[in-house]
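Remarks on the structure that follows.
We count ligands from 1, going down the list as the structure has it; atoms in each ligand are counted the same way.
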Amino acid sequence: MARAVILGTGSGAPARVVTNRDLEARMDTSDAWITQRTGIRERRMGGDAVKWSDFMVPACRAALDAAGVAAEDLDMIVAGTLTSDKRMPSGGCTLQTLLGARKAVGFDLAAACSGFIYGLTVADRFIRLEPRLKVLVVGGEVISQRIDWDDRTTAVLFGDGGGAAVLTGTDDPDRGILASRIHSDGDLWDLLYIPAGGSEMPPGREQDPRRDHAIHMRGNELFRVAVRSMADVCAEVLDEAGVDPSDVDIVVPHQANLRILQAVAQRFSIPEDRVFVNIDRYGNTSAGTIPLALDEAVRAGRVSRGDVVLMPVFGGGLTWGATLVRW
Ligand code: UT7
């Protein structure tokens, strides 16, 4: 049976860097607290001067170049995002027109941080059915516009950025997506959510527009669920593929908190040097973290043909999932 293979990756982020010191000047926090509790040193923040497509289009073009695929040959664009340029059309349709992917179908997956892994899973299932398909999967956010600057427990965590991957089918039994699983638990919605913008609180009904459109999070509880759910879904994809954790060459995890990544790796006795970390430079870019980190890992020569790559994620919904690839 054909497998989905990743042909190329790309990434992008706004140019403006906001350091922990910059945040110290803005709220009651410290570089020491942020670094020790999260591993974050700086993040990119476009703020109101940047829109999603400004950095996602270059990310997609870089992925298409690396894959050697022309935009007009794409069949599908799957966008994991909550912050594309407009409420309508979808980010997938916006990318379709900006890239000139005339014959593709573009659509979005609203899975918060898990958007890219949800997208890889959808692409994997389509490609298994139709191996000739060329699919662009993207994940990225402009989270700096969704921050309540009076809430230091969330404001220090997030940043803007994202990335993309081009996939198609292969008959090569030694390559491709070995397993990809996604889950959700809507009962836990209030651990991480944005109150306004839907039909429950439509435009004009906000009490405090800035705050109601911002991320609300119960970080402590989320931390525990995150470690447990990511570890469980890693075990699930490793079992399904018959891969031993010691055979994982690199983990490219959701970058939400350095301590969460370390805890998940410890569950499987995966040494820290096999976990790719860039949270220090980008913070949590939600659906952007995995494609951004994957692209950096690939371009840094950390991922070679034949390597086993494990990508676990969790996020608002709650949603979680993992994709296991032999590169
Ligand atoms: O993509 C998914 C998104 N979210 C996550 O993955 C978040 C998961 N959770 C976490 O990463 C962590 O729970 C946080 C980083 C959010 C918080 O770290 P923590 O070690 O769980 O800290 P805490 O919430 O237990 O707070 C410890 C202390 C509190 O002070 P007191 O009550 O001990 O006096 C907080 O008020 O740290 C205080 N605090 C801060 N201090 C300085 C909370 N935020 C800050 C801050 N600067 N930014």
Could you tell me, atom by atom, which parts of ligand 1 come under 4.0 Å of a heavy atom of [X]?
{"X": "V156", "result": "48 (N)"}
{"X": "A256", "result": "1 (O), 6 (O)"}
{"X": "N220", "result": "13 (O), 21 (O), 23 (P), 24 (O), 25 (O)"}
{"X": "T153", "result": "43 (C), 44 (N)"}
{"X": "F314", "result": "2 (C), 6 (O)"}

So which protein heavy atom does [atom] come closest to, and at what separation?
{"atom": "atom 11 (O) of ligand 1", "answer": "N257 ND2, 2.7 Å"}
{"atom": "atom 22 (O) of ligand 1", "answer": "R37 NH1, 3.4 Å"}
{"atom": "atom 38 (C) of ligand 1", "answer": "R152 NH2, 3.7 Å"}
{"atom": "atom 43 (C) of ligand 1", "answer": "W33 CZ2, 3.4 Å"}
{"atom": "atom 18 (O) of ligand 1", "answer": "R259 NH2, 3.5 Å"}
{"atom": "atom 5 (C) of ligand 1", "answer": "L222 CD2, 3.8 Å"}
{"atom": "atom 16 (C) of ligand 1", "answer": "M217 CE, 3.8 Å"}
{"atom": "atom 47 (N) of ligand 1", "answer": "T29 OG1, 2.6 Å"}

- Do we get R26 above W149's six-membered ring, with its NZ or CZ under 6.0 Å from the centre and within 45° of the axis? yes
In the complex you have, is [atom] within reach of the protein, judged by whether a heavy-atom distance drops under 4.0 Å?
{"atom": "atom 29 (C) of ligand 1", "answer": "no"}
{"atom": "atom 25 (O) of ligand 1", "answer": "yes"}
{"atom": "atom 33 (O) of ligand 1", "answer": "no"}

- Of all the heavy atoms in G315, does at least one lie under 4.0 Å from an atom in ligand 1? no
- Task: Examine ligand 1 and decide if any of its atoms is less than 4.0 Å from a heavy atom belonging to M27.
- Result: no
- Query: Where do Q145 and H213 land on the side-chain hydrogen bond (donor to acceptor under 3.5 Å, both in side chains) test, with the steps shown first?
  - Reply: CA-CA 9 Å; Q145 297 169 355; H213 285 282; over 6 Å; no
- Given that the side chain starts at C-beta and the backbone is N, CA, C, O, which of these parts of N284 lies under 4.0 Å from ligand 1, counting heavy atoms, or is it both or neither?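 For N284, only side-chain atoms sit under 4.0 Å from ligand 1.
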- For ligand 1, which part of T38 has a heavy atom less than 4.0 Å away: the side chain, the backbone, both, or neither? side chain
- Task: Would you check if there is a donor-acceptor pair between the side chains of T83 and E141 at a distance under 3.5 Å?
- Result: yes
- Steps toward side-chain hydrogen bond (donor to acceptor under 3.5 Å, both in side chains) verdict (D160, S144): CA-CA 6 Å; D160 302 336; S144 59; 2.6 Å; yes
- Message: I'd like to know whether CZ of F107 has more than 12 heavy-atom contacts from other residues, nucleotides or ligands below 6.0 angstrom.
- Response: yes
- If the plane angle is over 60° it's perpendicular, under 30° parallel, otherwise tilted; pick one for F314 and H254.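 Ring orientation, 0 to 90° scale: perpendicular.
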- Item | Cluster overlap V122 with L133, hydrophobic side-chain contacts below 4.5 Å | yes
